[in-house]
Amino acid sequence: MTEQETWVLASHNPGKIKELEALLAPRGIALKGAAGLGLDEPEETETTFEGNAALKARAAWAATGLTSLSDDSGLSVDALGGAPGVLSARWAGEPRDFDAAMRRVHEALLASGSEDRAAHFVCVVALCGVDGAVRHYRGEVEGEIVWPPRGEGGFGYDAIFQPAGHDRTFAEMTAAEKRSMSHRGRALAALLAAEFGR
Ligand code: IMP
């Protein structure tokens, strides 16, 4: 790899973009956002994180011919059979309202009658090379759903997710602390180790 590489980041989600930029900058990889390049967001028609990540990375590569990185991620709650899962963004409606989405998770848990609050975040990143070949890397972080929401940082469902072994939610942590243990941090670490051996 050259000293400084530039990849297209196939995402319009400002929370994800910020986290991915911070994870890759120290490795000498700069990201160009899809929105800044005028790329549309493809519809996520697949039923798996891998499928949707591949679809987004391939669309950005097809439009630019550049190495493209995408992230498909979500919250999976055990007592809800893994929901919202790949539908995590859609549970927030249009326009996105994550206060409503977090309440929906809480209400679904109450309705389930289960006391089990175990959950995990999943992140699958897909890297589409200049030759159009796609490789995936997955990261997960275990934790539990708390109520009421706590903290002002992060994005999405961070305020109701407390990682295992910690007494603060992701939204109560600094960005660096979240990155050090998050599903996104782990997926990126797997990608960097496999692609660059570091
Ligand atoms: P998608 O990958 O674009 O389908 O969206 C994934 C959705 O999952 C995001 O919009 C968030 O709602 C949620 N999500 C993914 N990663 C995180 C995270 O690190 N914190 C909180 N919510 C997340």
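Whatever order the structure lists ligands and atoms in, that order sets their numbers, starting from 1. Just so you know, residue 1 is the first one in the sequence shown, and it goes up from there.
- Of the heavy atoms in Phe98, only side-chain atoms (C-beta onward) come closer than 4.0 Å to ligand 1.
- Remark: Arg138 engages Glu140 in a salt bridge, criterion side-chain N to carboxylate O under 4.0 Å.
- Given atom 1 (P) of ligand 1, the protein heavy atom at minimum distance is Lys16 NZ, 3.4 Å.
- Atom CG of Asp71 is separated from atom CG of Leu188 by 8.5 Å, given to the nearest 0.5 angstrom.
- A salt bridge is defined here as a Lys NZ or Arg NE, NH1 or NH2 lying under 4.0 Å from an Asp or Glu carboxylate O, and Glu41 with Lys56 fails to meet this definition.
- With salt bridges taken as basic N to acidic carboxylate O contacts below 4.0 Å, none links Arg179 and Glu177.
- Of the polar atoms of Arg184, at least one N or O is found under 3.5 Å from an N or O of ligand 1, judged by distance alone.
- Using a 4.0 Å cut-off between heavy atoms, Asn52 makes no contact with ligand 1 at all.
- Protein heavy atom nearest atom 22 (N) of ligand 1, with residue, atom name and distance: Tyr157 N, 3.1 Å.
- A ring-centre distance under 6.0 Å is not found for Phe155 and Phe98.
- With a 4.0 Å cut-off on non-hydrogen atoms, Lys56 touches ligand 1 through its side chain and not its backbone.
- Ligand 1 lies out of reach of Leu75, whose nearest heavy atom is not under 4.0 Å from it.
- Counting heavy atoms under 4.0 Å from ligand 1, residue Phe121 touches it through the side chain alone.
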